[in-house]
K.L.:
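Sharing a structure, written as structure tokens. Questions coming.
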Protein chains: 2
Amino acid sequence: MSAEIICVGTELLLGDILNSNLQFLGQQLAILGIPHYYQTVVGDNLDRVKQAIDIALKRSSILIFTGGLGPTPDDLTTEAIAAYFNIPLISKPEIIEDMKAKFAKRGRELASNNYKQALIPQGATILPNPTGTAPGMIWQPQANVTILTFPGVPSEMYRMWSETAIPYLKSQGWGEEMIYSKMLRFWGIGESNLALKVNHLFSLNNPMVAPYVSKGEVRLRVSSKAKSEFEAFKIINPVVDEIKNIAGEDYYGCDDDSLASVIGKLLKEKKQTLSVAESCTGGGLGSMITSVSGSSDYFMGGVISYDNRVKMSVLGVSETSLNQFGAVSHQVAEEMAKGVQKLLNTDWSISITGIAGPEGGTMEKPVGLVYIGIASADRQVTSIKYLLGDEKGRDLIRHFSACYGLDQLRRKLVNN
Amino acid sequence: MSAEIICVGTELLLGDILNSNLQFLGQQLAILGIPHYYQTVVGDNLDRVKQAIDIALKRSSILIFTGGLGPTPDDLTTEAIAAYFNIPLISKPEIIEDMKAKFAKRGRELASNNYKQALIPQGATILPNPTGTAPGMIWQPQANVTILTFPGVPSEMYRMWSETAIPYLKSQGWGEEMIYSKMLRFWGIGESNLALKVNHLFSLNNPMVAPYVSKGEVRLRVSSKAKSEFEAFKIINPVVDEIKNIAGEDYYGCDDDSLASVIGKLLKEKKQTLSVAESCTGGGLGSMITSVSGSSDYFMGGVISYDNRVKMSVLGVSETSLNQFGAVSHQVAEEMAKGVQKLLNTDWSISITGIAGPEGGTMEKPVGLVYIGIASADRQVTSIKYLLGDEKGRDLIRHFSACYGLDQLRRKLVNN
């Protein structure tokens, strides 16, 4: 018994849309412990969808469809499935009522083509769509064959999956053993260095430890297959503790944590405030900090001192430092941090000055050179130099700079 | 003759990775005019990859593989292809030399498992990988069958595709007619309103006009299949002009333009400068402006006045306005804009104050309420109120706010 995902939509073949449904459903099937060996994408073509069904049924018993449930003639997933099994489509009055109510809310009336969306094969069950108009279906057209259909809109599909499909699949005996996991997050250590330190854990079978990297952040997923969350975490937690011990301060949080949420938590605990002075990030650091809801408790604001005149006039950076050391230097980073700390009267401040490129680099000060300054609650100011390399490109250099700024503050808060 | 994409990788089935290669290759095949009806994802399993090849060859003559070219035992794409056609793998010394040179650059030596990456089926041609170690191949194992393999790493694949695969496919007669297109970008008009205005164009066959929406930005793609770029744009341009005429100021740019790059161009032309005062966006507006390389020519900086005390002490917003109208009001937006324009001595300034949520909304001032202020070069200050709705969520409300700020400035610059 394995599952197969079939995404229907010519727009997917043309690359008009990034198919994120495959990733979501892949993760979900893995969590539920449902084997899954193939994914197929096929266009809005009746014969080709039927052929895809034929191929899938030779190797899989749960067929999960996304897309092709809309009102236009192109939308033919339900029709193709019914035709394949040679079962008539019947109109479900409850779907029509539901659509009418949803349309009425927006002051609209059902169009004639919407009636098509009320058709499902005889014997199939409606899979309700709480946020959109097109419902899906759950159908067992023959023994050992289960069909689930979802619209292609990710947000509608996610909700239908969690609210209806998961309970249904569990009722069929799936998910008795599920995969539970903890995602550990690191900053300031590369993947290979971390991998060397925890190398002995990669050969474990239960829990499994797997590394991930994206945008400079290394993550380790520790996962276990178990009958309950409690049982799983009995197996996961000792390894999590071991990894945290090994990684020390390079470990910063887990699961939904971000560098910004972690420094937020620390500042709230200490009842301390923060400001920023940004040059090359141009506001990206402040934006990251304020992406956390409730950040107004500790974040006062900051100064985007993109131009040197602003560094001088608003932050009080000295003209001498700018001339002698340049805007991208230890001295200016520290004066920026001190300046904004004073101006906004905060306990802590972070400053960033660097060369994001692609222009503006020199032999002595190449693209990717960044200084991070931290002014601390005890009025100490320090700065760190980073050489991020020009091959990353402007966006990533700016992103990394903001992350390193948060990470430096985090390390100081932890030790303060 | 049609193409089929086969992505190999258990990590794709598990949802560990978002499969963006499918979108890229789908777009590329469409541009080259190569029909493409199926995409398949299969895990790292020899038999299943061979089965996927067998199925694909019954319906397609160009098979494009991504993934499974690495050094580990899991990487078995080349092996599976050779086994399917029953052709021996041979070791290519030029691949080994290339890998040795690349490793040497990083001070590393070839590991024993890297030698596997030098194996390709007898008769196949190496598809060079300029940025990574694993090369791909181009192979015609039998008449009317072409196999192309690429690593799964998107950046490596993109470059190999453009530098080697496209010239090869063109040499085989593909791409004589290609799809050329212009992407028109709009802000400040919804998809349905724009669609109503240009409805008569959607039925055109050459050029074709198709709408897209993402994150509040509506786009229209005008595309034509032609033997040359020149011929295509002879067909595309009149329709582009018609759309621009119809859309008026709601059209802001095309192709690689962004709101930030467009206001940058306008400010440079006028030799004028800009500053920002941000509350709910927390730096996101400045970050957007400075995402444009060269923005230091016109962007001086700004103040992130997240806390009301900063609005008063740094920007000079009056306590009376804050008490009487609240931080999220026309008055405060305008005082913020005036304050930062004066403090940073710029021609223009944009201010944003709003409620990004999810907390902090009231009946009178709901989540999604945002005021944008613009102080202009002629010392006029105006502000606009937006009700973005709470259902968008914090991230999108902040993103929309920054975009509306840029859009308001753009409209003023165009008319100034």
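Side chains are part of it too, since the values below use all heavy atoms of this structure and drop only hydrogens, waters and symmetry mates. Quick note on labels: first sequence line is chain A, next is B, and so on, each numbered from 1.
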K.L.:
Given that the side chain runs from C-beta out, which part of B:L18 has a heavy atom under 4.5 Å from chain A: side chain, backbone, both or neither?
P.N.:
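Both backbone and side chain.
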K.L.:
Between chain A and each of B:E11, B:Q39, B:Q27, count heavy-atom pairs under 4.5 Å; write down the option with the most.
P.N.:
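Heavy-atom pairs under 4.5 Å are most numerous for B:Q39.
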K.L.:
Give, as side chain, backbone, both or neither, the part of B:S275 having an atom under 4.5 angstrom from any heavy atom of chain A.
P.N.:
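Neither part.
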K.L.:
Quick check for you: to the nearest 0.5 Å, what is the distance between B:N308 atom CG and A:M300 atom CE?
P.N.:
10.0 Å
K.L.:
What is the minimum heavy-atom distance between A:E278 and B:I304, and which atoms define it?
P.N.:
OE2-CD1, 3.9 Å
K.L.:
Please rank A:G26, A:S287, A:A277 by heavy-atom pairs under 4.5 Å with chain B and give me the top one.
P.N.:
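Among the listed options, the one with the most contacts to chain B is A:S287.
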K.L.:
Which one wins on heavy-atom pair count under 4.5 Å against chain B: A:S313, A:A30, A:G301?
P.N.:
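That would be A:G301.
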K.L.:
B:S305 versus chain A, heavy atoms under 4.5 Å apart: side chain, backbone, both or neither?
P.N.:
backbone
K.L.:
For A:R398, is it the side chain, the backbone, both, or neither that has a heavy atom closer than 4.5 Å to a heavy atom of chain B?
P.N.:
side chain
K.L.:
Give the minimum heavy-atom separation between B:Y306 and A:F299, together with the two atoms involved.
P.N.:
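Nearest pair, atom of B:Y306 first, then A:F299: CD2-O, 3.5 Å.
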K.L.:
What part of A:I17 is in contact with chain B, defined as an atom under 4.5 angstrom from a non-hydrogen atom: side chain, backbone, both or neither?
P.N.:
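Only the backbone of A:I17 comes within 4.5 Å of chain B.
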K.L.:
Heavy-atom pairs under 4.5 Å with chain A are the metric here; pick the option from B:G360, B:G284, B:G302, B:S20 that has the most.
P.N.:
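The residue among B:G360, B:G284, B:G302, B:S20 with the greatest pair count is B:G302.
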K.L.:
What part of A:L14 gets within 4.5 angstrom of chain B, counting heavy atoms only: side chain, backbone, both, or neither?
P.N.:
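The answer is both parts of A:L14.
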K.L.:
Need one label for B:V310: side chain, backbone, both or neither, based on atoms under 4.5 Å from any heavy atom in chain A.
P.N.:
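Only the side chain of B:V310 comes within 4.5 Å of chain A.
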K.L.:
If we define contacts as heavy-atom pairs under 4.5 Å, which of A:L344, A:V314, A:D16 has the most with chain B?
P.N.:
A:D16
K.L.:
Other residues, nucleotides and ligands only: do more than 12 of their heavy atoms fall within 6.0 Å of CG on B:D256?
P.N.:
no
K.L.:
Could you state the interatomic distance from CZ (A:R48) to CZ (B:R59), rounded to the nearest 0.5 Å?
P.N.:
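Going from the CZ atom of A:R48 to the CZ atom of B:R59 covers 10.0 Å.
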K.L.:
For A:S295, is it the side chain, the backbone, both, or neither that has a heavy atom closer than 4.5 Å to a heavy atom of chain B?
P.N.:
both
K.L.:
Which region of A:V292, side chain (C-beta onward) or backbone (N, CA, C, O), has a non-hydrogen atom less than 4.5 Å from a non-hydrogen atom of chain B, or is it both or neither?
P.N.:
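The answer is the backbone of A:V292.
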K.L.:
To the nearest 0.5 Å, tell me how far B:N345 CG sits from A:D307 CG.
P.N.:
10.5 Å
K.L.:
In terms of heavy-atom pairs under 4.5 Å with chain B, which of A:I289, A:T40, A:L285 leads?
P.N.:
A:T40
K.L.:
What's the spacing between A:Q51 CD and B:I55 CD1 if we round to 0.5 Å?
P.N.:
11.0 Å
K.L.:
Where do B:S293 and A:E359 come nearest, in terms of heavy atoms and distance?
P.N.:
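For B:S293 versus A:E359, the nearest heavy atoms are OG-OE1, 3.1 Å.
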K.L.:
Just jot down the side chain to side chain contact (heavy atoms under 4.5 Å, CB included) partners of B:Q28, sequence neighbours excluded, or say none.
P.N.:
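For B:Q28 the side chain to side chain contact (heavy atoms under 4.5 Å, CB included) partners, ignoring immediate neighbours, are B:F24, B:I31, B:W161, B:I166.
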K.L.:
I need the B:Y38 OH to A:I6 CD1 distance, nearest 0.5 Å.
P.N.:
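Here the interatomic distance stands at 10.5 Å.
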K.L.:
Could you grab the distance from atom CG of A:L22 to atom CG of B:L22, nearest 0.5 Å is fine?
P.N.:
7.0 Å
K.L.:
Heavy-atom distance under 4.5 Å to chain B: side chain of A:T281, backbone, both or neither?
P.N.:
backbone
K.L.:
Could you tell me which of B:L29, B:V42, B:N45 has the largest number of non-hydrogen atom pairs under 4.5 Å with chain A?
P.N.:
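Most heavy-atom pairs within the cutoff with chain A belong to B:V42.
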K.L.:
At a 4.5 Å cut-off on heavy atoms, which part of B:V276 comes close to chain A: side chain, backbone, both, or neither?
P.N.:
side chain
K.L.:
In terms of heavy-atom contacts, does CE of A:M183 have more than 12 from other residues, nucleotides or ligands at under 6.0 Å?
P.N.:
yes
